Amino acid sequence: MGNKHSAPGKRRTFLGYLALMGPAFVVGAWQFGPGNLTTAVQSGSQYGYSLLWVIAVSTILMIAFTDMSVRLGLATPKSLITVIKEHLGKGTGIAAGFGVFGITLMFSVGNAAGSGLGLSMVFGGSPILWTVACTVGVGIILAFRNVYRIIEKVLLLIVAMMAIAFIASVVIAKPDWYLSAQGLLPSLPEGSEILVIALVGTNFSINAAFYNSYGIKENARTRADYRDITLVDTIPGIVAPGIMTALVIMVSAAVLGATGSEAATINALAAIFEPLAGPVGTVLFALGLSGAAFSSMIANATAGGTMMSDALGRGSRGGSVTSRIVTGIILAFGLITTLVFQSSPVGLIVIAQSLTVLIAPLLGVLLVLMANNKTVMGDLRNKWWHNAFGIIGLVAIFASSIRLIGVLAS
């Protein structure tokens, strides 16, 4: 098989490059949700700038695994779960699809609650009513035909708005840039082990990386697009949420340094942030929160619906009937649970972590195995450096899983 993906093609225009952006930004939007923000707030509030290195390492590993998913999407005309069924057994593919569905089901609760909370901080009113409005809004977006293309455009816009909000928050908070640079050097403050695992778990999201191959299929990308996809979609799409997470840590650390008060939750950070930055700063930060929750809600429901439909052999596109039904179930579950509990459902978050412990290693191993399958990949097969990052990523996943199992069992 020739080296088609590196063959020179027609020179793209600026708009041509922009047209390649999308799949990795959907992945980034799914990755950057309320859980990600919560761990970032706790990190900056409790340990200042010292855990910024975790975000840098997680982002590099996330790029490596997302790139494997991109190449898997380019290498075969079939969907990832379908290919896994053919090469590793039907049960393995079904287990992957059901596992992702379970995780998205539980994470839908945090997304629903977070979207309502963020908008209530900006506009006032009941968070529950805003949760209902957001869920209905997402349902309307997902009801359109050619839904994946619409989702990409919506999420690109939301990611851009979030970036502006968090950059403005950092400008207002005035973090210590010298300490921020020092935080890129690996260190493990006493008592920070669990938070480091949480940061890795929320920023190095194998579930999201796994889904990227479906976005590549939805956009009918070809092997000739690989280099340009890497430059204009994969790298910026994954780096963007990493930078925004780092900015949240820096804002939290700056607020802690200025007020001496810890903020264990996003609500507490907003409350402490107001006397430091005024109401405008608080609104900017709240807009970032609501954008993160809303975008994650869209991507989470879409990914869960698509991969569950694929696992059931009912179509691998976001617009398939089964995919839409499963997507509706995910959204309804998040909304109903939020309405019933009227508070943060800690138990469901624990269950979600438990499912991640069981499923993330499986998805990581499947990505590495399939990306090394010469029959499937041809010239897009993993090189030695891909596998080096793959091994480091798998070690991180398994280590986090083993530690989390101990925590959940205790």
Side-chain angles (χ1 to χ4, degrees), residues 25-42 103-142 151 154-166 169 198 201-203 205 207-208 240-242 244-245 247-248 251-252 263 265-270 273 282-304 327 330-339 341-346 348-349 352:
F25 284 87
V26 174
V27 167
W30 185 11
Q31 171 192 351
F32 189 72
N36 185 294
L37 279 174
T38 299
T39 54
V41 167
Q42 291 175 336
I103 292 171
T104 57
L105 202 65
M106 299 307 165
F107 285 161
S108 68
V109 181
N111 290 332
S115 61
L117 171 64
L119 289 175
S120 70
M121 289 165 62
V122 178
F123 301 109
S126 167
I128 295 298
L129 292 178
W130 281 114
T131 292
V132 173
C134 284
T135 304
V136 171
V138 171
I140 291 172
I141 291 172
L142 298 182
I151 289 169
V154 170
L155 294 185
L156 279 167
L157 177 61
I158 294 175
V159 168
M161 291 172 62
M162 284 193 293
I164 293 170
F166 287 122
S169 296
T202 53
N203 289 278
S205 176
N207 315 320
M244 287 190 287
T245 304
L247 293 180
V248 174
V251 168
S252 301
T265 66
I266 295 170
N267 293 38
L269 177 63
F273 196 54
T282 304
V283 167
L284 281 170
F285 191 81
L287 282 172
L289 163 63
S290 55
F294 189 73
S295 61
S296 185
M297 184 191 294
I298 295 172
N300 182 71
T302 303
T327 296
I330 294 169
L331 289 174
F333 183 85
L335 175 60
I336 291 169
T337 306
T338 303
L339 292 174
F341 285 89
Q342 299 274 318
S343 61
S344 178
V346 177
L348 283 172
I349 294 172

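Note that these values count all heavy atoms, side chains included, but never hydrogens, waters or copies made by symmetry. This one's a predicted model, so the numbers in the text were calculated from it and none came from an experiment.
Remark: the backbone N or O of Ala293 is not paired with any side-chain donor or acceptor of Ser296 at under 3.5 angstrom. Checking side-chain atoms of Ser295 against main-chain N and O of Ala292 turns up a donor-acceptor pair under 3.5 Å. The backbone N or O of Ala301 sits less than 3.5 Å from a side-chain atom of Thr327, completing a donor-acceptor pair.
Residues Val132 and Leu339 meet the side-chain proximity criterion, which asks for heavy atoms closer than 4.5 Å. Using a 4.5 Å heavy-atom cutoff, the side chains of Pro241 and Asn36 are not in contact. Looking at heavy atoms from C-beta onward, Leu37 lies out of side-chain contact with Met244 at the 4.5 angstrom threshold.
Interatomic distance, Phe294 CZ to Cys134 SG, rounded to the nearest 0.5 Å: 6.0 Å. Here OG1 of Thr135 is found 13.0 Å from CZ of Phe333. Values are rounded to the nearest 0.5 Å.
Among all heavy-atom pairs drawn from Gly291 and Ile158, the shortest one is O-CG2, 3.4 Å. The two residues Ser120 and Gly125 have their closest heavy-atom pair at CB-O, 3.5 Å. In plain terms, the two heavy atoms of Ala112 and Thr338 that are nearest each other are CB-OG1, 3.7 Å.
A side-chain contact (heavy atoms from CB on, under 4.5 Å) with Leu331 holds for exactly one of Leu142, Asn300, Ile336; it is Leu142. Screening Asn111, Ile330, Ile141 against Met297 for a side-chain contact (heavy atoms from CB on, under 4.5 Å) leaves a single residue, Asn111.
Not counting sequence neighbours, the partners of Thr202 by the side chain to side chain donor-acceptor pair (under 3.5 Å) test are Thr39.
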